[in-house]
A.B. asks: 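This is the structure, below, for whatever I ask next.
Because only heavy atoms are used, hydrogens play no part in the values below, and waters and symmetry mates are left out as well, while side chains stay in. When a residue number appears, it is its place in the shown sequence, counting from 1. Just so you know, these numbers come straight off a predicted model, no measurement behind them.
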Amino acid sequence: MMFIHFDGSSGRRVQASGIAKTGSANCANCANSLAVTLLVIFDCDGVLVDSEPLANASFSRALKAQGLDWSAEETIRRLMGLSLKSALEICEAEIGRKLPDDFLDKMQAVTYQSFRDAPLMPVAGVKEAVLALQAAGVATCVASSGTPEKMRFTLGLTGLWDLFDGRIFSASQVPRGKPFPDLFLHAAIAMDVQPFECTVVEDAVPGVQAARAAGMRALAYAGAPHAHREALQAAGGRLFDDMKQLPDLVLS
């Protein structure tokens, strides 16, 4: 993933180069001194849409049918925030074999139906928070481990798609998913801002790690019952419990 460099005399963006490494101490530390946020990058699941309990319940049932007896809570603990590709690789390593070719399609069909039936809802207060940030002149986008198809479905179902249409990025677009910084750097480049001008809103440890490795400020939403508060904070996230707090946290 490429970093953007500036010409020292003109301050203009002139080149993008270099590979970012996850866990970079320099990147993690520089984000602490962020003064102005020009772009807020939102994770999707658990930040914009309240999908984690429903999705992980479906995932748990599908895994049990394949011999991996993880509860929904265990699935959240082990896999939350990872790309689907990474999550499936972990599950296959635990089972000791490849999952069936149709495993993902069948699981996704059940999951999407559970979203329709529940129905899936936005995270409380997030729509108002996004609108407040946009009204204050802050750019917004989405960068998620989920596939573009899944985000179109969940954001569309919850009435949030139009808030971000054209500014939605997926881990499927980069070589490495979270906790590597590739996705967030890709979003920053696409939105024409520098990493240090970005604030990431996450609810999962891999996402916070990815934001810090990218040199971005990380706000860790911990309002859900399954939130790993201590781990989020240890990864470098600033905890908050209510989306009503988000505009002030970003703009202060």
Side-chain angles (χ1 to χ4, degrees), residues 1 20 22-24 27-28 30-32 34 37 39-53 55-56 76-84 86-87 122-126 129-130 133 138-146 150-151 154-155 160 163-164 167-171 174 176-188 191 193 195-247 249-250:
M1 177 51 59
T22 187
S24 166
C27 285
C30 69
N32 286 330
L34 181 70
T37 295
L39 172 66
V40 176
I41 304 174
F42 288 88
D43 179 43
C44 186
D45 293 300
V47 171
L48 294 174
V49 298
D50 190 18
S51 56
E52 294 291 3
N56 283 281
I76 288 175
R77 185 181 71 80
R78 290 178 178 253
L79 305 178
M80 183 173 163
L82 298 175
S83 67
L84 195 53
S86 296
V123 169
V126 77
V130 173
L133 290 168
V138 179
T140 59
C141 70
V142 180
S144 170
S145 295
K150 181 183 178 184
M151 285 187 281
T154 59
L155 293 174
L160 299 177
L163 290 180
F164 300 101
R167 308 185 313 284
I168 298 174
F169 308 100
S170 166
V174 296
R176 305 176 299 180
K178 305 170 188 178
F180 293 94
D182 303 30
L183 176 57
F184 291 141
L185 293 173
H186 172 73
M191 296 294 292
V193 298
F196 59 82
E197 298 169 329
C198 300
T199 293
V200 173
V201 185
E202 268 285 354
D203 70 324
V205 170
V208 171
Q209 292 171 330
R212 303 297 280 146
M216 299 176 182
R217 182 188 186 196
L219 297 178
Y221 175 63
H226 57 261
H228 300 161
R229 300 180 65 89
E230 295 81 7
L232 288 167
Q233 194 165 33
R238 179 176 177 181
L239 299 181
F240 72 105
D241 296 319
D242 192 327
M243 284 296 175
K244 292 179 182 177
Q245 301 170 280
L246 182 59
L249 288 172
V250 171

A.B. asks: Heavy-atom distance under 4.5 Å between the side chains of Val250 and Leu219, does that happen here?
C.D. replies: yes

A.B. asks: Less than 4.5 Å apart, any side-chain heavy atom of Ile41 and any of Met216?
C.D. replies: yes

A.B. asks: CG of Asp203 to CG of Leu239: how many Å apart, nearest 0.5 Å?
C.D. replies: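 The CG atom of Asp203 sits 12.0 Å away from the CG atom of Leu239.
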
A.B. asks: Evaluate side-chain contact (heavy atoms from CB on, under 4.5 Å) for His226 paired with Met80, printing each intermediate quantity in order.
C.D. replies: CA-CA 10 Å; His226 57 261; Met80 183 173 163; 3.8 Å; yes

A.B. asks: A side-chain contact here means heavy atoms from C-beta on lying under 4.5 Å apart; do Leu249 and Arg238 qualify?
C.D. replies: yes

A.B. asks: Run Lys178 and Asp43 through side-chain contact (heavy atoms from CB on, under 4.5 Å) and show every step you take.
C.D. replies: CA-CA 11 Å; Lys178 305 170 188 178; Asp43 179 43; 3.1 Å; yes

A.B. asks: Less than 4.5 Å apart, side chain to side chain, heavy atoms only: is that true for Val123 and Val47?
C.D. replies: no

A.B. asks: What closest approach, in Å, do Pro247 and Leu133 show between heavy atoms, and which atom pair accounts for it?
C.D. replies: CA-CD2, 3.9 Å

A.B. asks: Checking the side chain of Ser144 only, and the main-chain atoms of Gly146 only, is there a donor and an acceptor separated by less than 3.5 Å?
C.D. replies: yes

A.B. asks: Considering all heavy atoms of both residues, which atom of Pro206 and which atom of Leu82 are nearest to each other, and what is their separation?
C.D. replies: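 Looks like CG-CD2, 3.9 Å.
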
A.B. asks: With distance as the sole test, does Ser145 use its side chain to make a donor-acceptor pair with the main-chain N or O of Gly81 at under 3.5 Å?
C.D. replies: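 Yes, Ser145 side chain to Gly81 backbone: donor-acceptor pair under 3.5 Å.
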
A.B. asks: If you look at every heavy atom in Ala188 and Leu39, which pair is closest and at what distance?
C.D. replies: CA-CD2, 4.4 Å

A.B. asks: Take Val40 and Cys198 through the test side-chain contact (heavy atoms from CB on, under 4.5 Å) and record every step on the way to the result.
C.D. replies: CA-CA 6 Å; Val40 176; Cys198 300; over 6 Å; no

A.B. asks: If we only count heavy atoms from C-beta on, is the Val205 to Leu232 side-chain gap below 4.5 Å?
C.D. replies: yes

A.B. asks: If you round to the nearest 0.5 Å, how far is CD of Glu202 from CD of Gln209?
C.D. replies: 10.0 Å

A.B. asks: Check whether any side-chain heavy atom of Leu155 sits under 4.5 Å from a side-chain heavy atom of Val49, and report yes or no.
C.D. replies: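 Result yes, sub-4.5 Å side-chain heavy-atom pair found.
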
A.B. asks: Which atom names give the shortest non-hydrogen contact between Gly207 and Phe184, and what distance separates them?
C.D. replies: O-CE1, 3.4 Å

A.B. asks: Check whether any side-chain N or O of Thr154 sits under 3.5 Å from a backbone N or O of Lys150 as a donor-acceptor pair, and report yes or no.
C.D. replies: yes

A.B. asks: Just how far is it from atom CZ of Arg167 to atom OG1 of Thr140, taken to the nearest 0.5 Å?
C.D. replies: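 Separation between the atoms: 4.0 Å.
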
A.B. asks: How close do Val208 and Ala220 get, counting heavy atoms only, and between which atoms?
C.D. replies: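 For Val208 versus Ala220, the nearest heavy atoms are CG2-CB, 4.2 Å.
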
A.B. asks: What verdict does the side-chain contact (heavy atoms from CB on, under 4.5 Å) test give for Val201 and Leu48, after you've listed the backbone C-alpha separation in whole Å, the side-chain angles of each residue and the deciding distance to 0.1 Å?
C.D. replies: CA-CA 10 Å; Val201 185; Leu48 294 174; over 6 Å; no

A.B. asks: Taking side chain as C-beta onward, heavy atoms only, is Arg217 less than 4.5 Å from Val200?
C.D. replies: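 In short, these two side chains do not touch, never coming nearer than 4.5 Å.
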
A.B. asks: Do Gln245 side-chain atoms and Asp242 backbone N/O form a donor-acceptor pair below 3.5 Å?
C.D. replies: yes

A.B. asks: What is the ring orientation for Phe169 with His186, classed by angle as parallel under 30°, tilted 30 to 60°, or perpendicular over 60°?
C.D. replies: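 Perpendicular, since the angle between the ring planes exceeds 60°.
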
A.B. asks: If we only count heavy atoms from C-beta on, is the Arg176 to Leu183 side-chain gap below 4.5 Å?
C.D. replies: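 They are not in side-chain contact.
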
A.B. asks: Heavy atoms only: give me the nearest Met151-Cys44 pair and the separation to one decimal.
C.D. replies: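 For Met151 and Cys44, the tightest heavy-atom pair comes out as CG-SG, 4.0 Å.
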
A.B. asks: Would the Phe42 and Phe164 ring centres measure less than 6.0 Å apart?
C.D. replies: yes

